[in-house]
Amino acid sequence: MQCREIMRIIEEVYPQNAALDFDNVGLLVGRVDKDVHRIYLALDATDEVIQDAIEKKADMIITHHPLIFSPVKKITNENFLTKRILTLIQHDIAYYAMHTNYDVLGMSYLAGNYFELKNSEILMPTMELGEKKAGIGIVGELSSEMSLQDCCHLVKEKLNLNTVRVFGDFHATVRRFAISPGSGKSCISPAIAKGADVLVTGDIGHHEGIDAVAQGIAIIDAGHCGTEHIFIDDMEQFFQLRTPKIQIFTAEKIHPFQVC
C-alpha cells in the first residue's frame with residue numbers, strides 16, 4: 001500500500017481541514033508514492049522514536065504532535081530538528097502528523113469514553129458535523145459523585161498514571177467532569193462556563209491553577225503526555241481494522257520528565 005493510500009484512509013476520518021488554523025498536519029516529510037508495509041505510531045518524533053523506527057524497518061512514522069511546526073529555513077545536520085528531517089529522508093521514511101484534526105474529531109470523544117461520561121458535550125466547539133458539534137475537550141457527568149481525591153485516583157487508574165498534580169480541596173465533591181487532553185489552559189474558562197466541578201488536562205501553571213480554584217473549579221494536571229498517550233492505542237486499533245496487512249509498531253510509553 002502506498003503512502004498516499006494511507007493518507008486517504010486517515011483523512012476519510014480525520015480530514016486536514018478539521019485542524020485549527022495555527023496547526024501543521026499531514027505528510028510533512030517523504031514521498032506520497034512510498035510503499036508502506038510497516039507503520040510506527042508515537043506521540044512525538046523524537047530521536048529515540050526515529051531510531052527505533054529505523055531499527056524496526058518502519059516505512060512510515062505517524063505522530064500526534066508535528067515535528068515541523070514553525071518555518072524551517074535550512075535543513076542541515078547542525079540543528080536537532082532539521083537533523084531529524086535529514087535522518088527521515090536518508091532512511092526513506094515517510095512522516096505524517098495528525099494533531100488538532102485528531103483532537104477535534106477523535107481525542108475529545110475518546111477521552112470521554114475512558115471516563116464513561118454521561119450527557120456529554122464538547123467543551124470548546126470548533127466545527128459542526130451535521131447536527132453534532134466537534135471540538136476541543138469534552139464535559140459530562142461521572143457515573144457517581146465522588147471526592148476530588150477519589151477523582152484523582154480514578155484519573156490515575158483510567159490513564160495508567162503514577163502521579164497527578166492537583167489544584168483544589170481534596171474533600172470537595174465532584175460530579176460534572178471536564179477533560180481536555182494535552183495543554184488545556186484555554187479550556188479553564190469554558191469548563192467553568194459549562195459548570196464543571198473539575199477539569200483534567202495538562203501543562204497548568206501556578207497562576208492558572210490557583211485562579212481556577214478561586215473561580216470554583218478544581219484542576220487535575222495529569223500531564224501533556226499523560227492525557228494524550230491514548231492516541232497511540234486508538235490509532236493502533238484504527239490501522240489494525242482498516243489495514244490488516246500492514247504491520248503496526250508503537251512507541252514505548254515514556255514520560256519526557258522524571259519525578260524524584
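Atom NZ of Lys56 is surrounded by more than 12 heavy atoms from other residues, nucleotides or ligands within 6.0 Å. A 6.0 Å sphere centred on CD of Glu116 holds no more than 12 heavy atoms belonging to other residues, nucleotides or ligands.
In summary, Arg38 and Glu55 do not engage in a salt bridge, as defined by a charged side-chain N under 4.0 Å from a carboxylate O. Here Arg84 pairs with Asp47 in a salt bridge; the nearest charged N to carboxylate O distance falls below 4.0 Å.
With a 4.5 Å cut-off on side-chain heavy atoms, Phe167 and Ile217 do not count as touching. Residues Cys152 and Phe170 form a side-chain contact, since some pair of their non-hydrogen atoms from C-beta on lies under 4.5 Å apart.
The structure places CE of Met124 at 11.0 Å from CG of Asp103, a figure rounded to the nearest 0.5 Å. Between Ile39 atom CD1 and Ile62 atom CD1 the span is 4.5 Å, to the nearest 0.5 Å.
Ring-plane geometry between Tyr102 and Phe231 is classed as perpendicular, the angle between the planes exceeding 60 degrees on a 0 to 90 degree scale with a lower cut at 30. Ring pair Phe115/Phe177 is tilted by interplanar angle, where 30° to 60° counts as tilted.
Taking a 4.5 Å side-chain heavy-atom cut-off between Ile, Leu, Val, Met, Phe, Trp and Tyr, the cluster of Phe80 extends to Leu28, Val29, Tyr40, Val49, Ile50, Ile54, Ile61, Leu67, Ile68, Val72, Ile75, Leu81, Ile85, Leu86, Leu88, Ile89, Ile93, Tyr95, Phe249.
Here Asp23 pairs with His99, Thr100 under the side-chain hydrogen bond (donor to acceptor under 3.5 Å, both in side chains) rule; sequence neighbours left out.
Under the 3.5 Å distance criterion, with hydrogens and angles disregarded, a donor-acceptor pair is assigned to the side chains of Asp44 and His65.
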